[in-house]
Trainee: 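I am attaching a structure below and will ask some questions about it afterwards.
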Amino acid sequence: MILLLIHKLLPGQQVPWRARLETLFRRWLPRVLRILLVGFGMFLMVDVALRALGLELPFGE
């Protein structure tokens, strides 16, 4: 979203900071998303396992 907004606001040639920002996003965004999704998946598996045992996480409803 941020890159699209920058692209729309600053059309034309890429400025150096914009190219560095795009490189940073392309390099780190897949890794960060992978870690977040794996972490969320593990959280859900633990929650389901605990509920099957009749327990709940302290912040669950």
Side-chain angles (χ1 to χ4, degrees):
M1 294 287 289
I2 294 171
L3 290 177
L4 180 62
L5 180 64
I6 291 171
H7 178 71
K8 291 296 179 186
L9 291 176
L10 301 171
Q13 291 184 341
Q14 267 194 337
V15 291
W17 64 269
R18 191 169 136 194
R20 283 195 305 260
L21 184 64
E22 184 176 350
T23 302
L24 182 71
F25 273 107
R26 286 180 189 259
R27 179 181 299 158
W28 289 104
L29 192 61
R31 294 175 185 171
V32 169
L33 286 176
R34 189 176 303 129
I35 290 168
L36 288 174
L37 289 175
V38 167
F40 185 63
M42 291 173 63
F43 168 77
L44 290 177
M45 290 190 307
V46 168
D47 186 45
V48 167
L50 288 176
R51 287 178 189 261
L53 296 172
L55 304 171
E56 287 191 20
L57 293 171
F59 45 85
E61 178 77 28

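Everything numeric in this text was worked out from a predicted model, so none of it was measured.
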Trainee: Sequence neighbours left out, what pairs pass salt bridge (Lys or Arg N to Asp or Glu O under 4.0 Å) with at least one residue falling in residues 33-50?
Mentor: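 Residue pairs passing salt bridge (Lys or Arg N to Asp or Glu O under 4.0 Å), neighbours aside: D47-R51.
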
Trainee: Shared ILVMFWY cluster between L44 and L50, side chains joined below 4.5 angstrom?
Mentor: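 Both belong to a single hydrophobic cluster.
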
Trainee: Could you work out, with side chain to side chain contact (heavy atoms under 4.5 Å, CB included) as the rule, every residue matching M45, not counting sequence neighbours?
Mentor: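 Result, side chain to side chain contact (heavy atoms under 4.5 Å, CB included) vs M45: M42.
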
Trainee: Could you list the cluster mates of L37? Members are the ILVMFWY residues connected by side-chain heavy atoms closer than 4.5 Å, either directly or through other members.
Mentor: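 Taking Ile, Leu, Val, Met, Phe, Trp and Tyr as members, L37 stands alone, with no cluster partners.
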
Trainee: Table please: side-chain donor-acceptor pairs of residues 25-32 below 3.5 Å, with sequence neighbours left out.
Mentor:
residue : atom : partner : partner atom : Å
R26     : NE   : E22     : OE2          : 3.0
R26     : NH2  : E22     : OE2          : 2.7

